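Written out below as C-alpha cells is the structure these notes cover.
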Amino acid sequence: HYAKAYFNLNDSTRLLGSASYAEVENQSTGLSATSQYYSARFTTLLPREMTLNARVRYGESDNDDAYVDLVEQVANAGPQAGRTYAQAYPTFGSADFVRYSQLNREEIEFDADLLVPLPERNKLGFTYAFRRTDRTHYDVEPTEKHQFTVLFRSDPRKALSGNVRYRFEM
C-alpha cells in the first residue's frame, strides 16, 4: 500500500508526504515480513532567493524468526556410539536454535540543506544529514551518523562549470 500527498502551502512553500506498507508471506515456510516507511519533504524559498529543503524519513522492517530443527544423527562409532550429540553432552542441550532475522531494523533519517545564490552565477550550499539505524537482533548499539557538507558551485558560462565540496562525517 502506498499513499502520497502534496501541498502548496503558499507560492514559495511546498510540503510532500508519503507512506508505504508492505506485507509478504512465504507460502512454503509460512514466514512473513512487513515493512512500513513514512517520509516528508519541506521546501521553501527564503529572502534573497535562498532555498531551504528539509527531509525526514522513518522506516521499520520486521521479519519472522525461524526455528531451525536440526536432525540429530546418532553416532555410529567411538565412545558416543548409539547416542545423539544432545545425549552424549547433556549440558549442551539440543542443537536446535532460533534464527533471528538480521533484517529487522528501525531507521530514522533527516537532512536539511540551504542553497544561497551568489553573484556571477555562483552558489553556496550547506547540508546536514543524520541517520540512525537500530538493528533489533544485532548485539551492537544503534548506528548513528552525522554528515556536514559545504558546497561551492560556479557556472559562469554554459560551456564551463565546476564545484568544490567538503564533507565531514562523524
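Everything numeric here is computed off the predicted structure, so don't read it as measured data. The chain is numbered in sequence order, starting from 1.
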[X] versus [Y], closest heavy-atom pair with distance:
X	Y	answer
Ser154	Asn122	OG-OD1, 2.7 Å
Gln87	Thr84	OE1-N, 2.8 Å
Ala86	Glu72	CB-OE1, 3.3 Å
Asp64	Ser32	OD2-N, 2.7 Å
Gln80	Ala75	O-CB, 3.4 Å

Thr29: partners by side chain to side chain contact (heavy atoms under 4.5 Å, CB included), with sequence neighbours left out: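 Checked Thr29 against side chain to side chain contact (heavy atoms under 4.5 Å, CB included); matches are Asn26, Leu31.
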With [X], which residues qualify under side chain to side chain donor-acceptor pair (under 3.5 Å), at least two apart?
X	value
Asn10	Ser12, Thr13
Asp96	Tyr67, Ser94
Ser18	Ser39

Residue pairs involving residues 110-122 (criterion salt bridge (charged side-chain N to carboxylate O under 4.0 Å, His left out); sequence neighbours excluded):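 Those involving residues 110-122 are Arg55-Asp111, Arg55-Asp113, Arg121-Asp155.
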Qualifying salt bridge (charged side-chain N to carboxylate O under 4.0 Å, His left out) pairs with a residue from residues 129-138, counting only residues at least two apart or across chains: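 Those involving residues 129-138 are Glu107-Arg131, Glu109-Arg131, Arg132-Glu144.
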Please say yes or no: joined through hydrophobic side-chain contacts below 4.5 Å, possibly via intermediate residues, are [X] and [Y] part of one cluster?
X	Y	result
Leu124	Leu115	no
Phe97	Val71	no
Val150	Leu118	yes
Leu45	Leu15	no
Val116	Leu151	no

Counting C-beta onward and ignoring hydrogens, is there a side-chain heavy-atom pair between [X] and [Y] closer than 4.5 Å?
X	Y	result
Arg14	Tyr6	yes
Tyr58	Val56	no
Leu114	Met50	yes
Arg105	Glu60	no

Can you tell me how far apart [atom1] ([X]) and [atom2] ([Y]) are? Round to the nearest 0.5 Å.
X	Y	atom1	atom2	answer
Asn53	Thr44	CG	OG1	9.5 Å
Lys123	Glu49	NZ	CD	9.5 Å
Leu16	Phe42	CG	CZ	12.5 Å

Check whether the side chains of [X] and [Y] place a donor and an acceptor atom closer than 3.5 Å, and report yes or no.
X	Y	answer
Tyr21	Glu23	yes
Ser61	Tyr37	yes
Tyr100	Gln102	no

Backbone of Asn104 reached by a side-chain donor or acceptor of Asp62 within 3.5 Å: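 Not a single qualifying donor-acceptor pair exists.
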Intermediate values then yes/no, side-chain contact (heavy atoms from CB on, under 4.5 Å), Thr143 and Lys145: CA-CA 7 Å; Thr143 303; Lys145 179 176 153 183; 5.5 Å; no
Close aromatic pair by centroid cut-off 6.0 Å: Phe110 and Phe130: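 No, ring centres 6.0 Å or more apart.
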More than 12 heavy atoms of other groups within 6.0 Å of Tyr2 OH: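 Result for OH/Tyr2: enclosed.
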Parallel, tilted or perpendicular: ring planes of His146 versus Phe148, cut at 30 and 60 degrees: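 Because their plane-to-plane angle is under 30°, the rings of His146 and Phe148 count as parallel.
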